[in-house]
Protein chains: 2
Amino acid sequence: MLSKKTKYGLKALTYIAKSVGDVPVQISEISKSENIPQKFLESIMLTLRKSGFLGSKKGKHGGYYLIKEPSEIKMADVMRVLEGPIAMVPCVSLNFYEKCDDCPDEHECSVHKLMIQVRDNTLKVLRNNTLEDLSGS
Amino acid sequence: MLSKKTKYGLKALTYIAKSVGDVPVQISEISKSENIPQKFLESIMLTLRKSGFLGSKKGKHGGYYLIKEPSEIKMADVMRVLEGPIAMVPCVSLNFYEKCDDCPDEHECSVHKLMIQVRDNTLKVLRNNTLEDLSGS
DNA sequence: GTAATTCCTATTAAATCGATAGGATTAATA
DNA sequence: TATTAATCCTATCGATTTAATAGGAATTAC
């Protein structure tokens with residue numbers, strides 16, 4: 001299941017990408033428009049800023065803006081920051097690898113083989129889609 | 001993340017599929033061999049039996065056996081029983097559809113579009129793989 | 001009739017998730 | 001300079017889910 005955090009984050013990024021002009025977009029505006037609890041969204045925006053997707057301006061007339069072009073922002077990267085591993089088991093994760101405690105040898109594990117395929121296909125989608133694709137049309 | 005329940009369930013099914021002869025396989029044997037807590041595995045086997053993947057024999061020399069051929073058991077079906085929806089958001093789930101409470105119109109939702117692609121690619125893998133594929137070689 | 005097994009329900013401890021609270025800091029502007 | 005409006009930051013809370021355990025009932029082989 002996709003967490004609300006990730007879903008809200010993706011919606012917020014899309015909203016900013018769609019916004020016209022170069023003025024920063026405010027949390028309160030996104031929150032109202034996308035039905036996202038404002039305080040919750042605050043913490044998500046903070047994460048997105050700290051991980052290099054957004055820039056911010058403080059104080060009156062402040063807000064958030066994209067640092068990179070929408071076409072440069074891969075969904076896979078956003079997902080990793082907000083959701084964590086893309087793989088369904090840690091032992092097939094490229095960026096968050098961990099050994100399973102119940103498997104003496106993961107190459108013998110039937111689940112491992114299956115989950116590599118799932119990971120590869122999911123990754124294909126998430127690498128091919130950028131923020132531009134989400135906000136387009 | 002794949003739950004332990006699902007992972008254990010898939011391992012247990014694989015173990016039974018690999019077992020030779022037509023005698024029922026016992027929980028205690030699977031539990032030891034696959035490092036799965038026995039009591040936890042008990043409840044998983046029960047679920048798999050009630051959902052039509054396994055048959056059981058009670059009492060001494062009892063145990064579990066496959067009801068269908070391994071090649072007939074699609075991973076997608078097992079996953080739905082043990083893990084629930086395959087889709088990452090309920091609003092793109094084929095078997096567990098639910099409307100999102102934050103989306104007035106899901107066809108306008110950028111996340112929706114992305115998650116349909118993820119679902120379709122995951123489904124492709126889980127439909128193409130059967131228990132035979134997991135237990136083979 | 002005894003031992004071995006599945007069957008069933010309930011419970012628990014820990015982790016995670018979604019959301020909120022309360023203020024500190026910064027900047028525009030009147 | 002004072003006020004207002006925004007981000008920033010840390011902590012916390014309640015609900016849900018997850019992984020696992022407990023304890024015994026029912027069934028069957030021998």
Side-chain angles (χ1 to χ4, degrees), chain A residues 1-12 16 19 23-32 34-67 81-85 88-90 96 98 100-102, chain B residues 1-12 16 23-32 34-51 53-67 81-85 88-90 96 98 100-102:
Chain A
M1 272 295 165
L2 198 73
S3 65
K4 295 273 186 184
K5 182 176 167 189
T6 303
K7 191 185 184 194
Y8 292 161
L10 289 175
K11 280 188 159 188
I16 296 176
S19 80
V23 292
V25 184
Q26 288 153 18
I27 288 177
S28 61
E29 184 187 339
I30 304 174
S31 160
K32 274 175 211 149
E34 300 294 325
N35 303 304
I36 302 172
Q38 177 156 347
K39 273 292 195 180
F40 193 13
L41 183 55
E42 251 185 55
S43 68
I44 297 169
M45 300 302 271
L46 225 37
T47 304
L48 288 172
R49 197 214 60 193
K50 286 182 180 169
S51 49
F53 294 103
L54 293 176
S56 69
K57 191 183 169 202
K58 283 188 179 182
K60 204 166 186 175
H61 298 179
Y64 289 92
Y65 50 89
L66 292 177
I67 282 188
V81 162
L82 294 176
E83 190 76 5
M88 296 190 79
V89 281
F96 299 83
E98 268 181 56
C100 299
D101 35 352
D102 57 314
Chain B
M1 273 294 165
L2 198 72
S3 67
K4 295 274 186 183
K5 182 176 168 188
T6 304
K7 192 186 183 195
Y8 292 161
L10 289 175
K11 280 188 160 188
I16 296 176
V23 291
V25 183
Q26 288 154 17
I27 286 177
S28 60
E29 183 187 338
I30 304 174
S31 161
K32 275 175 210 150
E34 302 292 326
N35 303 304
I36 303 170
Q38 177 156 347
K39 273 294 196 179
F40 193 13
L41 184 55
E42 252 185 54
S43 70
I44 297 169
M45 299 303 271
L46 225 37
T47 304
L48 288 172
R49 196 213 61 191
K50 286 181 180 168
S51 48
F53 294 103
L54 294 175
S56 69
K57 192 183 167 200
K58 283 188 181 179
K60 204 168 188 177
H61 298 178
Y64 288 93
Y65 49 89
L66 292 176
I67 282 187
V81 162
L82 294 177
E83 191 75 6
M88 295 191 78
V89 281
F96 299 82
E98 268 180 55
C100 299
D101 34 354
D102 56 313

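Numbered from 1 within each chain, the chains take letters A, B, ... in sequence-line order. Just the heavy atoms: all of them, side chains too, but no hydrogens, waters or symmetry mates, feed the values below.
The separation between B:Leu82 atom CG and D:dT17 atom C1' is 16 Å, rounded to whole Å. Between the P atom of C:dA14 and the NZ atom of B:Lys4 lies a distance of 17 Å, rounded to the nearest Å. In this entry the distance linking CD of A:Gln38 with C1' of C:dA21 reads 13 Å, nearest Å. B:Lys32 places its NZ atom 12 Å from the C1' atom of C:dA4, with the value rounded to the nearest Å. Whole-Å rounding puts the A:Asn35 CG to C:dA19 P distance at 12 Å. Between the CG atom of B:Leu48 and the C1' atom of C:dT6 there is a distance of 14 Å, rounded to whole Å. We find that CD1 of B:Ile27 is positioned 12 Å from P of C:dC8, with the value rounded to whole Å. For the pair A:Glu29 CD and D:dT7 P, the interatomic distance rounds to 10 Å; values are reported in whole Å.
In this structure the side chain of B:Met1 reaches within 4.5 angstrom of the side chain of A:Pro85, judged on heavy atoms.
Comparing C:dT20, C:dG18, C:dC7 by their closest approach to the side chain of B:Leu46 singles out C:dC7. The side chain of A:Lys50 sits closest to D:dC9 out of C:dA19, D:dC9, D:dC8. Candidate nucleotides D:dA6, D:dA29, C:dA28 were compared by shortest atom distance to the side chain of B:Lys60, and D:dA29 ranks first. If you check C:dG18, C:dC8, D:dC8 against the side chain of A:Glu42, the one that comes closest is D:dC8. Taking every side-chain heavy atom of B:Lys58 into account, C:dC7 is the closest of C:dA19, D:dA20, C:dC7. With D:dC8, C:dT6, D:dA20 as the choices, the nucleotide that has an atom nearest any side-chain atom of B:Tyr8 turns out to be D:dA20. Side-chain atoms of B:Pro37 lie closest to D:dT21 of the nucleotides C:dT20, C:dC7, D:dT21. Listed nucleotides D:dT21, D:dA26, D:dA19 differ in distance to B:Ser3; the shortest reach to its side chain belongs to D:dA19. Checked against C:dC7, D:dA29, D:dT7, the side chain of A:Gln26 finds its nearest nucleotide in D:dT7. Among D:dA19, C:dA19, C:dA27, the nucleotide with an atom closest to any side-chain atom of B:Phe40 is D:dA19.
Each of B:Gly62 and B:Ser43 was assigned the nucleotide of DNA chain C with the nearest heavy atom; the assignment lying further toward the 5' end belongs to B:Gly62. Nearer the 5' end of DNA chain D, as judged by each residue's closest nucleotide, is the contact made by B:Glu83, out of B:Glu83 and B:Leu41.
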>> Please determine whether side-chain contact (heavy atoms from CB on, under 4.5 Å) holds for the pair A:Lys7 and B:Asp102, giving the CA-CA distance in whole Å, both sets of side-chain angles, and the decisive distance to 0.1 Å.
In response: CA-CA 10 Å; A:Lys7 191 185 184 194; B:Asp102 56 313; 3.0 Å; yes
> What's the verdict on side-chain contact (heavy atoms from CB on, under 4.5 Å) for B:Ser56 and B:Met45, showing C-alpha distance, side-chain angles and the deciding distance?
Replying inline: CA-CA 9 Å; B:Ser56 69; B:Met45 299 303 271; over 6 Å; no
> Checking side-chain contact (heavy atoms from CB on, under 4.5 Å) for the pair B:Leu46/B:Tyr64: CA distance, chi angles, key distance, verdict?
Replying inline: CA-CA 10 Å; B:Leu46 225 37; B:Tyr64 288 93; 3.9 Å; yes
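Side-chain atoms of B:Ser3 and B:Glu83 include a donor-acceptor pair closer than 3.5 Å.
For C:dT6, the OP1/OP2 oxygens have no side-chain nitrogen or oxygen of B:Arg49 closer than 4.0 Å. Contact between the side-chain N/O atoms of B:His61 and the OP1/OP2 oxygens of D:dC30 is found at a separation under 4.0 Å. Between C:dT5 and B:Ser56, no contact under 4.0 Å exists linking OP1 or OP2 to a side-chain N or O.
Minimum interatomic distance between B:Ala12 and B:Leu41 (heavy atoms only, all atoms of both residues): CB-CD1, 4.0 Å.
Between the base of C:dG18 and the side chain of A:Lys39 there is no donor-acceptor pair shorter than 3.5 Å.
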